[in-house]
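Structure, as structure tokens:
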Amino acid sequence: MTTTPSTCTFAFFGSSRLSVIVLDELEKIGLKPTFIVTTPDKPQGRKLVLTPNVVKMWAQEHSIEVFDPPTIDRGFLDVLKQKTCDVYIVASYGKLFPEELLNIPPGKTLNVHPSLLPRYRGASPLPTAMLDDAKHTGVTIMRLTKEMDQGPILAQKEIVVSEWPIYEEFEERMAREGAQLLASILSDWVAGTITEQEQNHAQATYTKKIEKEDACIDLAGDPYENFRKIQAYHQWPQAYFFIEKNGNRLRVKITSAQFISGKLVIEKVIPEGGKEMSFADFKNGYSVEV
RNA sequence: CGCGGGGUAGGGUAACGGUAACCCGUCAGGCUCAUAACCUGAAAAUUGCCGGUUCGAUUCCGGCCCCCGCAA
């Protein structure tokens, strides 16, 4: 767990907040990528401003060379082949890789996946585990193959959650654990002393991409299920319900809630067009019965 | 020029051409063994800024500043 493979070089592929947390944790352990590959900036925000993605910003802050190809095509593969490193590391890149890329470095391409594979393959392992109330979970280091999340496993660590935090905190914990697990085996892997193990494909489960509609909740429904939705969708899209106001349907997002002795206690909300406020203020001002 | 909502007492909302109402909170008094409950009363808003229309604007028009929802 404390192995510091200082002699091993790697490139990092990622594009989300989880990627950044993994990078941070690896850096703490003394592992810095020789270069980083991420996805291009996308227009965001109210004015559709072009904002650099978080991984790119991290790379720039740490003065690490960064690439952001719109697609990984022939030309970019050739660029990669010019660079040398022992192994590629992928954490939440957001796109599939061409098979050719996976085998460029001698140590192939490894992936940090925040679930106990073969369970929770796919796009949303973390939120899905929360929605399923799967408190016995974990992180997996696997070798990427052509098929999504189906590669052989190098290492796993079980993690047990006592109570569901908001998504961001769960993500952070899992990312850090994943990064540590990776760091603990990386040099051995590159040295060739780790045996990979085929996944038990029969036990695989898959997660789907989250849709905004998934986050619509019925306040009269099961309180614990609603609580898990609020926590799981906290980063995006945020659990919401509707109220009637002046004949209009108004969306109200729940940003903070607790589950106390069998009841859902809503703490903060953001009404459409408004800003975040306490649920008490919301009920006072909007005079709604919820 | 991506679509849309909003800036009114400490907080949240309402009114919509004639200087502002409600809920919570605050303060005082009362009721109570007691209270976050209840009753009575009080303080607290030049209704974001500038200009225009008008006898008169929070309310209509124009400009500016700020805030937010949607958009993955």
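From a predicted model like this one, the values you see are computed outputs, not experimental measurements. Numbers restart at 1 for each chain; the letters A, B, ... are given by sequence-line order, proteins then strands.
Classification of the A:Phe242-A:Tyr240 ring pair by plane angle, with boundaries at 30° and 60°, yields perpendicular. Between A:Phe241 and A:Phe279, the two ring planes are perpendicular [angle over 60°; tilted spans 30° to 60°].
When side chains are defined from C-beta on, A:Ser15 does not count as touching A:Asp68, because their heavy atoms never get closer than 4.5 Å.
Annotation: B:A45 and B:U8 have their C1' atoms spaced 7 Å apart (nearest Å). As rounded to the nearest Å, B:G25 and B:G63 have P atoms that lie 42 Å from one another. Only the C1' atoms considered, B:G41 is 37 Å distant from B:C67, to the nearest whole Å. Nucleotides B:A36 and B:C24 place their P atoms 14 Å apart, quoted to the nearest Å. Comparing B:U58 with B:U54, their C1' atoms are spaced 15 Å from each other, to the whole Å. Comparing the same atom, P, in B:C16 and in B:U59 gives a spacing of 14 Å after rounding to whole Å. Using atom C1' as the reference point in both B:G4 and B:U40, the two lie 45 Å apart (nearest Å). Comparing the P positions of B:C39 and B:A44 gives an interatomic distance of 24 Å, to the nearest angstrom.
Spacing between atom OH of A:Tyr240 and atom P of B:G5 amounts to 20 Å, rounded to whole angstrom units. Nucleotide B:G69 holds its P atom 11 Å from the CZ atom of A:Arg251, rounded to whole Å. Taking atom CD on A:Glu213 and atom P on B:C70, their separation rounds to 13 Å, with Å as the unit. In this structure, A:Phe282 places its CZ atom 18 Å from P of B:C68, rounding to the nearest Å. B:C68 atom C1' lies 8 Å from atom CD1 of A:Ile270, rounded to whole Å. Computed from coordinates, the A:Glu272 CD to B:C70 P distance equals 8 Å when rounded to whole Å. Atom NZ in A:Lys268 sits about 16 Å away from atom P in B:G11, given to the nearest Å. Counting to the nearest Å, the P atom of B:G5 and the CZ atom of A:Phe242 are 17 Å from each other.
Among residues two or more places apart in sequence or in another chain, the ring-ring contact (aromatic ring centres under 6.0 Å, His included) test is passed with A:Trp189 by none.
Taking side-chain N and O atoms only, A:Lys253 has a distance below 4.0 Å to OP1 or OP2 of B:C70. For A:Tyr286 and B:U13, the shortest distance from a side-chain N or O to OP1 or OP2 is below 4.0 Å.
Of the options A:Val90, A:Thr140, A:Ile141, A:Leu182, a side-chain contact (heavy atoms from CB on, under 4.5 Å) to A:Asn111 is made by A:Val90 and by none of the others. Of the candidates A:Lys32, A:Arg176, A:Arg173, A:Glu25 forms a salt bridge (charged side-chain N to carboxylate O under 4.0 Å, His left out) with just one, namely A:Arg176.
In secondary-structure terms, RNA chain B builds stems of at least 3 consecutive Watson-Crick or G-U pairs, each pair having both distances under 3.5 Å, at B:2-7 with B:65-70, B:10-13 with B:21-24, B:26-30 with B:38-42, B:48-52 with B:60-64.
Between A:Asp214 and A:Lys208, at least one side-chain nitrogen of the basic residue sits less than 4.0 Å from a carboxylate oxygen of the acidic one, meeting the salt-bridge criterion.
Listed by first and then second residue, the ring-ring contact (aromatic ring centres under 6.0 Å, His included) pairs involving residues 82-117 of chain A are A:Phe13-A:Tyr88, A:Phe13-A:Phe97, A:Tyr93-A:Phe97 (not counting sequence neighbours).
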